[in-house]
Amino acid sequence: MPDPPTPREVNVEVVPAEGYELEIEGVPDCPFVTVDDLDRHFEEVVAEHVRESLNIPNDVPLVLHITDSDGETTRTEHRPVPRP
């Protein structure tokens, strides 16, 4: 049986801009997230945009280092997304 995928660690900076732009390390553009989405589901929304922007499959664990607009950095772990 193959070894499980190694978690990907990614630095993310959250920048306010009538909503927020996500400055994802290694991605040339900045995905935009509304204030409402980020206020309700902060970690999940950021993780979803990171996976999409970096083409990280749902079955790969994800570790994010998220720096908010106040300069505070938090580390979050996201398990693989189960397949339906």
Side-chain angles (χ1 to χ4, degrees):
M1 183 181 286
D3 291 333
T6 303
R8 292 276 306 265
E9 293 203 26
V10 179
N11 295 318
V12 179
E13 186 170 345
V14 178
V15 179
E18 294 293 322
Y20 296 90
E21 290 182 344
L22 303 180
E23 294 180 357
I24 301 170
E25 182 179 49
V27 176
D29 59 336
C30 296
F32 181 79
V33 179
T34 66
V35 172
D36 191 45
D37 282 347
L38 210 56
D39 283 348
R40 290 186 191 181
H41 310 286
F42 185 85
E43 291 179 13
E44 294 84 359
V45 169
V46 172
E48 181 181 319
H49 279 284
V50 167
R51 285 188 187 282
E52 184 178 305
S53 295
L54 294 174
N55 296 317
I56 299 173
N58 286 337
D59 61 347
V60 174
L62 190 59
V63 177
L64 300 177
H65 303 272
I66 303 172
T67 304
D68 65 20
S69 59
D70 294 328
E72 185 174 327
T73 300
T74 56
R75 180 181 186 276
T76 63
E77 295 183 22
H78 301 269
R79 295 183 176 176
V81 177
R83 293 183 181 183

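Not measured: the values here are computed from a predicted model.
Closest heavy-atom contact between Glu21 and Phe32: CG-CD1, 4.3 Å. The two residues Val35 and Gly19 come nearest to each other via the heavy atoms CG2-CA, 3.5 Å. Taking both residues in full, the closest heavy atoms of Ala47 and Leu62 are given as O-CD2, 4.0 Å, listed atom of the first, atom of the second, then distance.
Residues meeting the side-chain hydrogen bond (donor to acceptor under 3.5 Å, both in side chains) test with Thr67, sequence neighbours left out: Thr73. Under the salt bridge (charged side-chain N to carboxylate O under 4.0 Å, His left out) criterion, Asp29 pairs with no residue at all, not counting sequence neighbours. Taking the side-chain hydrogen bond (donor to acceptor under 3.5 Å, both in side chains) definition, one finds that Thr76 meets it with His78, sequence neighbours left out. Evaluation of the salt bridge (charged side-chain N to carboxylate O under 4.0 Å, His left out) rule for Glu77 yields Arg75 as partners, not counting sequence neighbours. Under the side-chain hydrogen bond (donor to acceptor under 3.5 Å, both in side chains) criterion, Asp59 pairs with Arg83, not counting sequence neighbours. Applying the side chain to side chain contact (heavy atoms under 4.5 Å, CB included) rule to Pro80 yields the partners Pro61; only residues at least two apart in sequence or on another chain are considered. Legend: residues meeting side chain to side chain contact (heavy atoms under 4.5 Å, CB included) with Glu52, ordered by chain and number and at least two apart, are absent. Evaluation of the side-chain hydrogen bond (donor to acceptor under 3.5 Å, both in side chains) rule for His41 yields no partner, not counting sequence neighbours.
A donor-acceptor pair is defined here as one N or O able to donate and one able to accept, closer than 3.5 Å; no such pair exists between the side chain of Asp70 and the backbone of Glu72. Remark: side-chain polar atoms of Arg8 are not paired, donor with acceptor, to backbone N or O of Arg51 under 3.5 angstrom.
Sorted by first and then second residue, the salt bridge (charged side-chain N to carboxylate O under 4.0 Å, His left out) pairs involving residues 33-45 (not counting sequence neighbours) are Asp36-Arg40.
Expressed to the nearest 0.5 Å, how far CD1 of Ile66 lies from CD of Glu13 amounts to 12.0 Å. How far CG of Leu38 is from CG of Leu22: 7.0 Å, rounded to the nearest 0.5 Å.
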